[in-house]
Amino acid sequence: MSLIYNEDQQQLLDSAQDFLAARSPVAAQRALRDADAAVGFDPQVWQGMVELGWSAVAFAEDQGGLDFGFAGFAPIFEQIGRHLSASPLLSSVVLCGSLIEQLGSDSQKQGLLPGLIAGEQRWALALEEADRHQPDLCDTRAIRTDSGYRLSGRKSWVIDGLEADGWLVIARLEDGQRGVFAVPAGTAGMTLQRRQMIDARNMAQLLLEDAAVDASALLSSDQFEAALELALDRGRACLAAELLGCCEAVFAMTLEYLRTRVQFDAPIGSFQALQHRAARLYVQLELMRSSVMAAFEALDRDQADPAQRRQLVSLAKWKANEAAQLISNEAIQMHGGIGVTDEYDLGLFLKRIRMAQSQLGHSAFHVSRYAGVRLS
Amino acid sequence: MNELEEFRAETRAWLEANCPASMRTPMPSEEMVWGGRNVEFCSEDQKLWFERMRDKSWFCPDWPVAYGGGGLDVRRSAILDAEMRRLHCRPPQINLGIWMLGPVLLEYASEEQKQRFLPPMARGEIRWCQGFSEPNAGSDLASLRTTAVLDGDDYVINGTKIWTSYGNKSDWMYALVRTGPMVPKQKGISLIVLDMTSPGVSVSPIDLISGKSSFCQVFFDNVRVPRSQLIGEVNDGWKLGKALLQHERRAMSRFSESALPTHFDLDEYVKRCLPAPQDADEVALQQRAVACLMDEQAFSLTNRRMIDSLSARQDVSGLMAISKLVHTEQEREKFEILLQLLGNQSMGWSGDGFASRDLDLTGAWLMSFAQTIAGGSSEVQLNVIAKRVLGLPDPVQGVRS
C-alpha cells in the first residue's frame, strides 16, 4: 500500500461520494436533527450503505466479508465526513465487529457476525465510564453466578447505544482481568438514558444493575487488552478520516466564501491577512491527509507491529484533532456573522468535529500515547 | 521479487560495498564536500566516496544519461535516496547547481548549452552560486536592477547581488538580470550564467547573528559575458527564475534535512534531559517537544506521499508549495524547544566552557531564523499557496482595507 489511494480505494471513494450526495447530503442530517430522532441516523441510508458492502469491507470472506482490507474504510469515512453523514458503521462494524472477530469463539462469531455484516443486528460498544476517553478505566464488575455472570456498573457514553440490538460491555472479572460481554437487548437489569449531544447523533448512558447474562455471553478473555486496543485503533483511524472529510468540506466552503464575499469593494479573499490564514489551513489539511493515510497503511491487514501501529494511529488522530480545531475555528471566523447562524451548515460541521475530536481520544491523550512509543 | 525490489537490493548491495564506513557517520559541518574546480577532501575515504558516486553517475541519479545523469525514474531515485538514508550515507558532495539550475537547464536551455553545462555539473566539477536577491529586491524580486546591456556579442553587467550563498567559493553563478525595461517589471528579466573569475566581479562575505556565514554580496563592474550564456529567451527569465525557486524550496528542505550543518535529534535530547518528567513544567515541556516530533513525522510522511503521488503522475504542486514553509518553521520550533531543554548550556557563544556540539547548537538555532527568510520568506510561501494553489484573487489595486 502507499500513501495515496489505489484504484480500488478510488472507486470506493467515488461510489461513496455518489451515494452520500444523493441519499445523505448535509440537508438530510439537518432534517434528522430537526426531527429529534433518538436513533440519530436514517435506517434506510444505513441499509443503503450495507448494500454497497461497507459493513463487509474489512471482514474475511469466510466470515461473509469482502476481504478488501481495512484500508477500504479510509475513502468511506472521508466521504462520510464530507457529507456529515450519520450511521452506525463506526460503532457496530468497526468497533464491535473488530472485537467479535478477534475474541469470539467460532460459535459466537457465527451467531453474531452475519447479522452485524448484513446490517440486521446493530451492536454498540459500552466502554467509556469517564467524561474524557479513558479506555483503561473500568469499574463495571462481572460477578460469576451458577449460570453465567451478573454485570453492574455505569457506561456513561455509549455511541449509538439507543435502540441497539445488543451491547458489547467491557467489565472487570473477579480475577482482575477485563473481558467483554455480548449483552442482547431485552436483558433485565439494564437502563438506557438518552444523552442529547451537540451533533444530534445517537448517544446513551447505560446503567447495569445485576444484569444477568449467560456464560456464553463472555467473549474470550485471552489477549483481551491487545484486541481492545486494536479495535480502538481502528476506530480512531476511521474518526481521523471522518475529520479529514469534514475539514475538506469546511475548507471548501471557506474558500468559496473568500472568493465571493465582497467587502470594501473587493472579494475578501484578496486581502492578504485572510490569504495567509487560508494558506495555513491548507498546510494543515495536507499534513492531516498524510498522517491519516499512514495510519490506514499500518492498519491494513495488520501489517505493522503494534508499537508502530500505535504510534501512527495516535499521530493521525492527534493531527486530525489539531487540524480540525484550527480549520473549524478559522472557518467560522472568516465567515463572520453567517458562520454562527443555525441556518448555515458550518455550525453542523463544527458540532460534529468537536464530538469526533473527543471520541476515542483528544489531542493530549494521543500526545501521551505517542510519547510512550517514541520516547521508550 | 518485482523490478523495483530487485533495484533496491542491488542498490543496497552496491552502497554497502562502495560507501566507506567513515562516510556512514554523522557529518560535521566542516566535513561537507563541495563539488567544484577546487574540491577539497578531508580524508581519502571522502575522495573515494566522491569518485565512486561520480563514476556511477549518481550525483544526478534522475538526469538523462546523455547529460551525465544516472537515468533513474522517480521510483528508483526515491529508492536510492531511501537506501542512502537507511545506511546513513553522507551526501558525496553538495552542489546547488545540480539541485536548482540543472532541472531548469534540462527544461529550457538550448541543446548546445545543455551539452556545455550539464555534464561538468554532473561530474561535480563546477561549484555554482545563485544571484537573485538584491539589496532593494528581496521578497519583491522582480524589482531587481542589475543590468545586462548588449554590446557586440557580449552582455555587460553592472549592479550587485546579495545573500549569495558561498559567492566567495563558487566557480560560476546563475543570475537574474535586467535586459529590458522596468515596466512591467517581470517582463524585462533574463537568466544568465557567468564565470565568477570574470574581470569586474568582486565578492564580500556577510556576518549574521549566528556569526560567520556563507552569505556574500557580489558586485559587478562592467562584467562582460558572452551572449551565448543567456538561458532561454531574452526578457523571458522570470518564468525560469520561478521554476528555479520551486526547485530551491525543495532543495532547501532537503539541504537542512540531510543534516546540515549538524543534525540535532530532538528525541535524543528529550530522553536525555527529561528522562522521567515529574514536575508540571517538565511535563509541559515534554508535551511540547512530543508535539513537535509528531509534526515532524507528519511532514516526513507528506514527503513520502509526494513521491507516491509523483509516481502515480498526480499533481504535486500543492505539496511542493508547502514544503519549505513547513520544514523551516518546524526546524525553528525544534531549536526553540532545544533551547528550553538545555537552558543556558545552549546559549554559549564561545570558549572552553562549552562543548563544540553545544556551540553548534547555538549557531544552528540562530541560523533557523535565516532559513524561514532565505529562499522566499514564509510570507512569500503563503502568498504562493494562496494564489497558485488555492486560487484566491489578486489584491484589487487601490482598495481600502
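Reminder, nothing fancy here: chain letters follow the sequence lines and each chain counts from 1. Note that the structure is predicted; figures quoted are calculated from it, not measured.
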Atom pair OG/CD1 of B:Ser311 and A:Ile4 - distance to nearest 0.5 Å
6.0 Å

Roughly how far, to the nearest 0.5 Å, is the OG atom of A:Ser2 from the CD1 atom of B:Ile307?
11.5 Å

Return yes when atom CD of B:Glu268 has more than 12 non-hydrogen atoms of other residues, nucleotides or ligands closer than 6.0 Å, and no otherwise.
yes

Apply side chain to side chain donor-acceptor pair (under 3.5 Å) to residues B:Gln297 and A:Gln311 and explain how you reach the verdict.
CA-CA 10 Å; B:Gln297 189 176 15; A:Gln311 180 174 342; 3.2 Å; yes

Does CG in B:Asn136 sit with more than 12 non-hydrogen atoms of other residues, nucleotides or ligands closer than 6.0 Å?
no

After noting the C-alpha distance and the side-chain angles of B:Thr302 and A:Leu3, does the key distance pass the side-chain contact (heavy atoms from CB on, under 4.5 Å) rule?
CA-CA 9 Å; B:Thr302 303; A:Leu3 298 185; over 6 Å; no

Between A:Gln272, A:Arg280, A:Arg259, which has the largest tally of heavy atom pairs under 4.5 Å with chain B?
A:Arg280

At a 4.5 Å cut-off on heavy atoms, which part of B:Glu379 comes close to chain A: side chain, backbone, both, or neither?
both

Under 4.5 Å from any heavy atom of chain A - which part of B:Leu274:
neither

Given heavy-atom pairs under 4.5 angstrom as the criterion, report whether the side chain, backbone, both or neither of A:Arg277 touches chain B.
neither

Could you tell me the separation between the CD1 atom of A:Ile268 and the CG atom of B:Leu392, rounded to the nearest 0.5 Å?
10.0 Å

Which pair of heavy atoms, one from B:Ala298 and one from A:Ser290, lies closest together, and at what distance?
O-CB, 4.1 Å

Identify the heavy atoms of B:Ala386 and A:Ala279 that sit nearest to each other, and give their distance.
N-CB, 4.3 Å

What parts of residues 365-376 of chain A touch chain B if we use heavy atoms and a cut-off under 4.5 Å?
A:His366, A:Val367, A:Ser368, A:Tyr370, A:Ala371, A:Arg374, A:Leu375, A:Ser376

Residue pair A:Phe251 / B:Leu390, side-chain heavy-atom distance below 4.5 Å
yes

Do A:Gln275 and B:Asn383 pass the side chain to side chain donor-acceptor pair (under 3.5 Å) test, and can you show the C-alpha distance, the side-chain angles, and the key distance before you say yes or no?
CA-CA 7 Å; A:Gln275 287 187 343; B:Asn383 281 348; over 6 Å; no

Check each atom of B:Val389 against the heavy atoms of chain A and say whether the ones under 4.5 Å are side chain, backbone, both or neither.
side chain

Max heavy-atom pairs within cutoff under 4.5 Å with chain A, candidates B:Val270, B:Ile385, B:Val326, goes to B:Ile385

Does B:Arg86 CZ have over 12 foreign heavy atoms under 6.0 Å away?
yes

Counting only non-hydrogen atoms closer than 4.5 Å, does B:Asp394 touch chain A with its backbone (N, CA, C, O), its side chain (CB onward), both, or neither?
backbone

NZ of B:Lys187: more than 12 outside heavy atoms within 6.0 angstrom?
no

So which atom in B:Met294 and which in A:Ser314 form the shortest heavy-atom distance, rounded to 0.1 Å?
CE-O, 3.8 Å

Decide yes or no on side-chain contact (heavy atoms from CB on, under 4.5 Å) for B:Leu301 and A:Leu312, but give the supporting numbers first.
CA-CA 10 Å; B:Leu301 288 167; A:Leu312 286 168; 4.2 Å; yes

Where do A:Trp318 and B:Asp295 land on the side-chain contact (heavy atoms from CB on, under 4.5 Å) test, with the steps shown first?
CA-CA 10 Å; A:Trp318 170 80; B:Asp295 254 330; 3.9 Å; yes

Could you tell me whether B:Arg305 and A:Glu297 make a salt bridge, using a distance below 4.0 angstrom between a side-chain N and a carboxylate O?
no

